[in-house]
There are 2 protein chains.
Amino acid sequence: MPFLLKSYESLDTLAEAIGQAIRAPITIENRHHQLLAYSTHPDSTDPARIATIIGRRVPEAVIEDLWESGILQEVIDQDEPVVIPARLAVGLGERAAIVIKQHDEVLGYIWSLARTNPFSTQELAILQEGATIAKKLLMTIAMHERRISAELERFLLDVLASPTLTDANRERLNELAPIAVASRLTVIECAQPITPQLAERLHYVLATQESIEVVLHAIDGQQLLVWHYMKSELSDEETVLIAWAERFEQLLQDKFSESEPRLGISRRFFESDMLYAAAEEARRVTTLRRKFPLELSTSRAFEQIGIYQLVPELARRIGLRLETHPTVERLQHYDSSHQTELVKTLEWYFYFDGNVKRVAAHLHIHPNTVLYRIRRIEELTNITQVSLPERSMIYLAIKAGQYRLED
Amino acid sequence: MPFLLKSYESLDTLAEAIGQAIRAPITIENRHHQLLAYSTHPDSTDPARIATIIGRRVPEAVIEDLWESGILQEVIDQDEPVVIPARLAVGLGERAAIVIKQHDEVLGYIWSLARTNPFSTQELAILQEGATIAKKLLMTIAMHERRISAELERFLLDVLASPTLTDANRERLNELAPIAVASRLTVIECAQPITPQLAERLHYVLATQESIEVVLHAIDGQQLLVWHYMKSELSDEETVLIAWAERFEQLLQDKFSESEPRLGISRRFFESDMLYAAAEEARRVTTLRRKFPLELSTSRAFEQIGIYQLVPELARRIGLRLETHPTVERLQHYDSSHQTELVKTLEWYFYFDGNVKRVAAHLHIHPNTVLYRIRRIEELTNITQVSLPERSMIYLAIKAGQYRLED
DNA sequence: GCTCACTTTGTGATTTTTCACAAAGTGAGC
DNA sequence: GCTCACTTTGTGAAAAATCACAAAGTGAGC
């Protein structure tokens with residue numbers, strides 16, 4: 001005789017029923033370890049469970065620990081309740097867990113904390129029974145979520161397809177995002193088109209980022225577009241963003257090394273009217289980083305690429321023969337007739353702010369060689385003591401020349 | 001009984017007649033010392049005369065010498081022939097000169113070289129008579145020239161009034177300028193609207209510039225617009241231009257200190273279609289130099305202002321609240337709450353390429369103070385080791401903030 | 001008026017960069 | 001193959017920038 005009913009109207013009532021049947025606290029999570037339901041149980045709870053309920057998801061540290069120790073994998077593979085010894089380092093008391101699966105696809109998990117006495121066979125059977133019932137409910141929820149998220153994805157793509165917003169779209173966007181928050185649009189660009197499997201994994205990683213709040217996201221070919229904002233104060237939004245971007249990109253490159261993911265982040269914006277422009281900025285960053293991986297290896301946000309943002313336009317003008325820089329032209333001419341590398345040397349000399357040692361190290365040559373070349377350049381052109389504005393323009397001209405418009 | 005006829009058909013025949021009457025070489029010049037006519041005389045000539053005839057104008061060195069020594073002024077004031085002792089330093093033998101005037105307005109000069117024996121009273125009288133006859137001829141020429149030049153001036157203003165050329169205008173422009181020559185459009189901007197008197201003097205100085213060839217020029221309010229090209233090779237056009245611009249501006253500022261003349265030179269262009277754009281560039285240079293006299297004190301050509309060319313556009317965007325730079329914003333905030341000058345310090349630190357000594361000298365503070373402030377800035381923002389592209393963008397943001405759109 | 005945190009200036013040791021000069025390497029043209 | 005002009009590398013002396021540290025100055029807030 002089963003201890004549970006055939007079905008329950010919600011996961012919450014199910015969690016409550018299981019909890020009462022085995023007299024232990026129950027939490028039900030989706031496959032992203034987001035909290036779906038939990039039983040009310042006055043006593044015997046542990047820090048991990050409290051943190052999970054407060055944060056509406058299992059703390060990242062706990063998830064990592066469970067993955068690294070192989071426990072989670074075991075739970076997924078087993079298909080029946082697994083008893084897990086306490087892991088006090090991450091605040092986890094002893095518990096039992098069972099996966100909720102549908103044809104090898106993980107839908108979620110049911111967790112139960114151990115009371116003072118260990119789980120009996122019957123109690124574990126009840127858990128298993130609960131998982132079967134939860135499956136039906138989760139499938140309904142998953143389908144619904146999938147429909148919603150697919151709809152939102154189409155909506156975002158629709159918004160980004162045109163530079164100007166329709167009034168209806170603007171209204172809906174303003175409902176989605178809190179006002180007066182510094183939003184950003186981030187592009188995660190991959191080497192190949194993003195498959196549904198990859199998308200799923202990316203969404204998961206994205207959902208587990210604690211510094212940011214995602215408003216909307218969508219897949220567009222090789223890019224995952226994310227509209228988000230930082231949870232920090234406005235005053236250090238930029239600092240936090242840049243620190244996060246570095247960590248996040250590192251994480252992505254560790255987890256998805258075969259996709260060579262690269263970030264591009266727009267400047268901050270406050271009006272949904274700016275979404276289109278922000279997407280352009282973010283994409284400009286990824287494009288430029290693709291073309292100048294070395295120079296822009298640590299530039300992820302539009303602010304960080306500095307005057308590189310002007311390179312495509314300048315390259316276009318050079319392509320149209322509207323623009324040339326006499327100084328650069330002369331050096332290029334000298335280079336080609338003497339097999340030298342004056343332009344390259346000058347470029348890095350400017351980039352490294354006149355630091356001969358670093359230029360030499362970068363180009364793998366003797367510092368005196370750099371010094372010699374700089375003197376040579378000074379003889380050929382009179383950029384001996386030009387100041388920042390002119391130097392940057394020359395640097396820009398060199399970079400724009402390297403930028404290829406075709407690809 | 002007069003030795004000369006009442007009138008001659010041309011200045012050449014007049015010069016010849018005077019030359020024969022007093023048996024000495026004669027040259028007739030306009031008020032700009034451009035050669036109008038000269039007598040053929042086989043012997044007794046001097047280097048100055050040869051140079052004048054070859055170059056179709058009196059060498060600048062000779063003119064300067066005659067002005068500085070006060071001789072030319074004496075000739076103009078006298079209204080009758082003046083005998084001038086030899087000035088061998090500038091290749092001038094002894095000669096007599098008389099001004100050709102009409103109501104105090106100088107129209108030109110007649111010069112006569114001395115032979116071995118000095119000028120007799122009668123010969124000087126013949127010179128005077130020649131000046132009277134020349135006056136009529138010169139007045140006709142001057143009137144004609146004035147009509148032509150006024151017409152050309154109107155034409156240039158007409159061309160510059162619209163971004164696109166009419167076919168008729170393009171055709172006429174192409175007739176005026178030699179093809180495949182690197183043209184420039186230079187603006188000479190004065191503190192006050194240019195009066196006809198000032199215009200006259202400016203035209204004179206312009207006409208005596210040996211490095212450039214003027215195609216057209218026109219007055220537009222406070223600006224004298226000059227379409228010209230360098231007489232040098234294309235390969236070092238820029239070098240020659242920049243050197244010329246420095247000399248020329250110095251000259252203008254010496255001669256017209258009350259008008260505070262300032263140069264603005266476009267990039268080079270080859271097609272007359274670019275005239276409008278070139279005028280914009282040149283004007284942008286003068287505008288920026290007016291707003292940043294110190295920073296752009298030695299930048300006269302559009303190439304030289306470097307990324308300053310982007311300042312107006314950026315200032316506009318900042319004005320529209322489309323653009324801010326978080327780093328700069330934070331420093332500004334610190335400055336205003338701590339009465340410090342971090343932004344200013346950073347600005348010049350960037351400008352002087354991180355040279356602490358020069359920054360200190362410029363700001364009249366101790367080098368260690370600069371060092372201290374830079375460390376402070378590094379604490380507040382993380383621009384510790386940002387490279388040229390980002391540095392320039394920050395510099396641009398600072399400068400654009402200083403740029404006022406209104407005036 | 002006093003305190004305290006912050007800023008500026010001064011001094012000399014320490015480190016880094018630049019410079020002059022020599023020597024060796026490179027390659028195009030005869 | 002040789003020459004010659006140009007380029008690169010190496011060495012140590014000379015010059016310059018940076019640094020730590022002390023002392024003096026400044027001003028807002030109590």
Side-chain angles (χ1 to χ4, degrees), chain A residues 235-236 239 327-388 390-391 394-395 398, chain B residues 233 235-236 239 327-388 391 394-395 398:
Chain A
S235 62
D236 51 20
T239 318
T327 299
V328 178
E329 259 183 4
R330 180 175 305 190
L331 290 179
Q332 277 168 342
H333 188 258
Y334 189 90
D335 271 0
S336 60
S337 65
H338 291 73
Q339 289 111 282
T340 48
E341 295 194 312
L342 297 190
V343 173
K344 194 176 178 184
T345 309
L346 184 66
E347 174 194 337
W348 290 101
Y349 183 76
F350 279 173
Y351 184 88
F352 287 125
D353 203 11
N355 186 321
V356 173
K357 211 171 164 184
R358 292 176 69 192
V359 179
H362 177 82
L363 297 175
H364 307 297
I365 52 176
H366 196 279
N368 277 2
T369 303
V370 177
L371 233 39
Y372 170 79
R373 287 184 185 170
I374 295 299
R375 286 199 195 114
R376 177 104 303 204
I377 290 167
E378 284 174 357
E379 279 171 25
L380 287 166
T381 65
N382 23 22
I383 49 170
T384 339
Q385 286 290 24
V386 302
S387 56
L388 185 82
E390 206 173 340
R391 268 207 315 282
I394 294 171
Y395 184 77
I398 295 173
Chain B
E233 290 289 308
S235 61
D236 51 20
T239 318
T327 300
V328 178
E329 259 184 3
R330 178 174 306 189
L331 290 179
Q332 276 168 344
H333 188 258
Y334 188 90
D335 272 359
S336 60
S337 65
H338 291 73
Q339 289 111 282
T340 49
E341 293 194 314
L342 296 190
V343 173
K344 194 176 177 183
T345 308
L346 185 65
E347 173 194 339
W348 290 101
Y349 182 75
F350 279 172
Y351 184 87
F352 287 125
D353 202 10
N355 185 321
V356 172
K357 212 172 165 184
R358 291 176 70 191
V359 178
H362 177 83
L363 297 175
H364 306 297
I365 53 177
H366 196 279
N368 276 2
T369 305
V370 177
L371 234 36
Y372 171 79
R373 288 183 184 170
I374 295 298
R375 286 197 196 117
R376 178 102 307 199
I377 291 168
E378 285 176 354
E379 279 171 23
L380 287 165
T381 64
N382 22 21
I383 50 170
T384 340
Q385 286 289 23
V386 302
S387 55
L388 184 82
R391 270 206 315 283
I394 294 171
Y395 184 78
I398 295 173

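Note that the structure is a prediction, hence the values are computed from the model and not measured.
Atom pair B/Asp335:CG and C/dC6:C1' shows a separation of 14 Å (rounding to whole Å applied). In this structure, A/Asn355 atom CG and D/dA17 atom C1' are separated by 12 Å, rounded to whole Å. Here C/dT18 presents its C1' atom at 13 Å from CD of A/Glu378, a figure rounded to the nearest Å. Straight-line distance from the CG atom of A/Leu363 to the P atom of D/dT8: 11 Å, rounded to whole Å. Nucleotide D/dA17 holds its P atom 11 Å from the CZ atom of B/Arg358, rounded to whole Å. Following rounding to the nearest Å, A/Tyr349 (OH) and C/dT17 (P) show an atom-to-atom distance of 12 Å. One atom, CG of A/Leu371, and another, C1' of D/dG10, lie 14 Å apart when rounded to the nearest Å. In this structure, B/His366 places its NE2 atom 12 Å from C1' of C/dG12, rounding to the nearest Å.
Annotation: side chain of A/Arg373 is in contact with side chain of A/Ile365 (closest heavy-atom distance under 4.5 Å).
Base pairing of C/dT17: its partner is D/dA14, meeting the Watson-Crick or G-U wobble criterion (both donor-acceptor distances under 3.5 Å). Within the shown strands, D/dA23 is the pairing partner of C/dT8 under the Watson-Crick or G-U definition, both distances less than 3.5 Å. The base-pairing partner of C/dC30, taking Watson-Crick or G-U wobble contacts with both distances under 3.5 Å, is D/dG1.
Residue B/Arg376 places none of its side-chain N or O atoms closer than 4.0 Å to OP1 or OP2 of C/dC6. For B/Lys357 and D/dA16, the shortest distance from a side-chain N or O to OP1 or OP2 is not below 4.0 Å. Distances shown here put every side-chain N or O of B/Tyr372 at or beyond 4.0 Å from the OP1 or OP2 atom of C/dT8. For the OP1/OP2 pair of D/dT7 and a distance below 4.0 Å, the side-chain nitrogens and oxygens of A/Arg373 include no atom meeting the criterion. Contact annotation: A/Arg375 does not reach the phosphate of C/dT18 (side-chain N/O to OP1 or OP2, under 4.0 Å).
Side-chain to base pairing of A/Asn368 with D/dT11: one donor and one acceptor N or O lie within less than 3.5 Å of each other.
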A/Thr327 and A/Glu390: side-chain contact (heavy atoms from CB on, under 4.5 Å), yes or no, with the steps?
CA-CA 11 Å; A/Thr327 299; A/Glu390 206 173 340; 5.7 Å; no

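Mapping A/Gly354 and B/His338 onto DNA chain C via the closest heavy atom, the residue that lands nearer the 5' end is B/His338.
How far CG of B/Leu331 is from CD1 of B/Ile398: 7.5 Å, rounded to the nearest 0.5 Å.
Within 6.0 Å of the CD atom in A/Glu379, the count of heavy atoms belonging to other residues, nucleotides or ligands exceeds 12.
Side chains of A/Arg376 and A/Tyr334: a donor on one and an acceptor on the other come within 3.5 Å.
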